[in-house]
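The first residue in the sequence is number 1, and the count goes up from there.
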Amino acid sequence: MRLGVTVALVVAAAAASATEAATGAATGSALPAPETAGAAPAVVMVQPARGRTARISPAELADLRLVARSDGIGVREAVRRWGWQGSFLEVTGRLQERYPGEYSGAGITGEGSGAWIGFKGAIPPEAVTLARTLPVPVRIIGNKGFSEKELNDATVDNFFRIAGHPGVETAEGGYEITSGVIDISVAARTPLSADERRRLLGGRAEAPITVNVTIVDRVDAFPKTRMRGGGFLNGDGICTAAFTVRKGRARGVATAHHCSRGNSRFRYYNHNHRGRFTTIKRRGSHGGRYGDMAWYSSGAYKAVPWFYYAPNRKRRVKLYGWPRVGQKICNYGRFTGAKCTKVHKNGQCVKYSGLPRYCGLTAVRGEVTKRGDSGGPWYWGNVAYGILSGAKRIDHRTRDLFTPVAGMREAMGVSVYLS
């Protein structure tokens with residue numbers, strides 16, 4: 001039987017009446033959560049309300065086929081596990097936008113078998129209502145004591161202070177969204193005095209957020225340096241373009257900030273270019289709290305809202321969004337082509353040797369790119385998610401890092417050009 005783009009997802013039966021009573025979904029008030037510091041989180045398990053059919057776009061189906069090959073499973077199994085993640089991203093995006101001061105992260109768990117959503121204080125009834133539209137059990141956690149924005153701000157502030165010390169050569173850090181713990185590692189350029197070590201090791205944050213700082217001999221972190229998104233950029237070093245962008249009537253293409261260092265201009269090549277190129281000029285860049293990003297003019301070419309997701313294969317950009325822990329995500333690089341992996345952690349910071357401090361980065365499961373892929377697009381289906389930065393070692397494994405494109409407007413005043 002041929003697999004079409006509309007796929008029925010088998011889901012659990014309706015929640016038991018006891019669960020519904022526990023959620024308080026019929027009331028108009030927030031679900032209770034203890035307000036005292038240090039109190040245990042309030043947890044509500046939400047079961048799917050009914051079976052449903054998920055609409056999977058042709059672009060998502062192509063990515064699911066790539067996931068199936070890389071994971072060594074069948075396409076139907078890949079659809080069963082991950083075909084609903086678009087709905088999850090819509091739900092969590094809506095909650096993050098509506099409750100920015102309370103939203104405390106979200107993630108997909110168990111290879112697509114469940115999910116969780118967190119809040120700083122009381123659980124909004126809307127979160128329960130929306131969670132029940134998903135085809136998997138969702139664990140909603142209230143009274144975590146911090147929002148993701150507060151955790152990210154504490155990470156950036158501590159990392160910039162510590163990595164900005166003149167004696168620091170390289171550094172990396174980030175937060176753990178489930179626990180509220182920030183870990184930062186630094187490698188010194190020269191031996192530090194006892195007083196300098198004390199200043200560096202003093203993390204600053206309000207409870208329940210905690211900061212751990214470690215001085216190490218070496219930090220394994222490096223950029224991937226070497227008009228449609230995914231095109232080729234040649235200059236002083238080589239990179240990959242991410243997505244086309246817009247600012248008012250101006251159009252251009254985005255890449256990584258570290259690619260723009262020393263490159264006020266690039267030669268831009270489409271795939272199948274046969275030697276033809278256009279010269280593009282740097283219009284803006286940001287290397288700091290929102291990540292590692294830059295944008296260039298479109299030169300003599302007309303910028304269009306498409307990107308290369310594989311060699312000589314183009315796809316429309318319809319949306320952009322924030323990545324969630326546990327979601328599947330794909331990347332195109334000029335040296336590694338198309339491949340998919342999984343989001344590992346958000347809120348990562350890094351200081352590559354000789355480059356600025358970059359924060360707000362997302363780390364994936366492993367290292368799937370090579371040097372020269374820097375600046376390339378991270379995507380799922382027709383949704384733009386990120387710009388490849390580099391890699392660093394996290395949790396005993398080297399992992400790729402990318403800049404979420406959702407932060408470009410605040411950082412550079414541009415946004416992804418949508419069709």
Side-chain angles (χ1 to χ4, degrees), residues 107 148 151-152 155-156 159-160 163 170-177 182-187 218-226 237 239-243 254-261 285-294 321-336 339-380 384-408 411:
E148 186 162 24
L151 186 56
N152 184 70
T155 302
V156 174
F159 186 82
F160 269 52
T170 54
E172 69 84 17
Y175 62 72
E176 173 53 61
I177 188 61
I182 299 168
D183 289 302
I184 298 173
S185 298
V186 297
R218 175 184 173 186
V219 170
D220 290 323
F222 48 90
K224 293 286 178 115
T225 308
R226 191 117 58 163
C239 283
T240 307
F243 302 98
T255 189
H257 172 273
H258 72 264
C259 290
S260 73
R261 295 288 290 258
S285 64
H286 172 81
R289 71 180 298 117
Y290 299 105
D292 174 9
M293 64 184 95
W322 293 101
R324 306 296 182 202
V325 172
Q327 78 167 89
K328 285 291 187 179
I329 196 164
C330 305
N331 165 264
Y332 170 74
R334 64 190 292 180
F335 291 102
T336 53
K339 60 276 178 192
C340 301
T341 181
K342 188 191 292 187
V343 172
H344 180 63
K345 284 183 179 179
N346 288 315
Q348 298 299 297
C349 296
V350 66
K351 184 189 182 304
Y352 307 124
S353 180
L355 288 167
R357 296 158 289 179
Y358 300 129
C359 279
L361 304 173
T362 294
V364 299
R365 175 185 280 178
E367 185 183 11
V368 297
T369 67
K370 294 182 179 179
R371 293 182 185 273
D373 288 346
S374 262
W378 287 86
Y379 61 89
W380 179 260
Y385 281 105
I387 302 169
L388 176 63
S389 174
K392 70 169 182 171
R393 196 164 182 82
I394 312 173
D395 298 334
H396 312 293
R397 185 174 182 180
T398 301
R399 305 175 190 271
D400 283 324
L401 301 169
F402 68 82
T403 299
V405 295
M408 288 198 302

Exercise for review: Specify the closest pair of heavy atoms between A254 and M408, including all atoms of both residues, with the distance to one decimal.
Suggested key: CB-SD, 4.2 Å

**Study point:** From CD (E148) to OG1 (T155), nearest 0.5 Å
**Key:** 9.5 Å

Review point. Just how far is it from atom CG of D400 to atom CD of E367, taken to the nearest 0.5 Å?
Key: 5.5 Å

Point to revise | side-chain contact (heavy atoms from CB on, under 4.5 Å) assessment of V368 paired with T336 | key: CA-CA 8 Å; V368 297; T336 53; over 6 Å; no

Review point. Does a side-chain heavy-atom distance below 4.5 Å link T362 with L401?
Key: no

Check your understanding: Quick one: CH2 on W378 to CZ on F243, what's the gap to the nearest 0.5 Å?
Key -> 11.0 Å

Review point. Are T398 and F222 close enough that some pair of their side-chain heavy atoms sits under 4.5 Å apart?
Key: yes

Point to revise | side chain to side chain contact (heavy atoms under 4.5 Å, CB included) partner of F402, chosen from T369, V364, L361, I387 | key: V364

Point to revise | Gap separating the CG atom of D395 from the NZ atom of K345, nearest 0.5 angstrom | key: 4.0 Å

Review point. Can you name the nearest heavy-atom pair linking Y358 to G287, along with the distance?
Key: CE2-CA, 3.4 Å

Check your understanding: Is R357 reaching over with its side chain to a backbone N or O of G288, donor-acceptor style, under 3.5 angstrom?
Key -> no

Point to revise | Exercise: identify the closest heavy-atom pair between S185 and V219 | key: O-CG2, 4.0 Å

Please tabulate, for the side chains in residues 347-356, all donor-acceptor contacts under 3.5 angstrom to protein atoms that are two or more places apart in sequence or on a different chain.
| from | atom 1 | to | atom 2 | distance (Å) |
| --- | --- | --- | --- | --- |
| Q348 | OE1 | K392 | NZ | 3.0 |
| Q348 | NE2 | N346 | O | 3.2 |
| K351 | NZ | E169 | O | 3.3 |
| K351 | NZ | L355 | O | 3.4 |
| Y352 | OH | S389 | OG | 2.9 |
| Y352 | OH | G390 | N | 3.3 |
| S353 | OG | E169 | OE2 | 2.5 |

Point to revise | R289 side-chain N/O to V156 backbone N/O, donor-acceptor pair under 3.5 Å | key: no

Review point. So, does T240 use its side chain to make a donor-acceptor pair with the main chain of G372 at under 3.5 Å?
Key: yes

Exercise for review: Compare every heavy atom of P404 with every heavy atom of P323, then report the nearest pair and how far apart it is.
Suggested key: CD-CB, 4.1 Å

Review point. What distance do N152 atom CG and Y290 atom OH have between them, rounded to the nearest 0.5 Å?
Key: 9.0 Å

Check your understanding: What heavy-atom pair brings R397 and G366 nearest, and what distance separates the two atoms?
Key -> NE-CA, 3.9 Å

Exercise for review: Only one of R334, H258, H257 passes side-chain hydrogen bond (donor to acceptor under 3.5 Å, both in side chains) with S374; say which it is.
Suggested key: H258

**Study point:** Closest contact, heavy atoms only, F159 versus C359
**Key:** CD2-SG, 3.7 Å

Practice item. To the nearest 0.5 angstrom, please state how far the CG atom of D373 sits from the CG atom of L388. Key: 6.5 Å

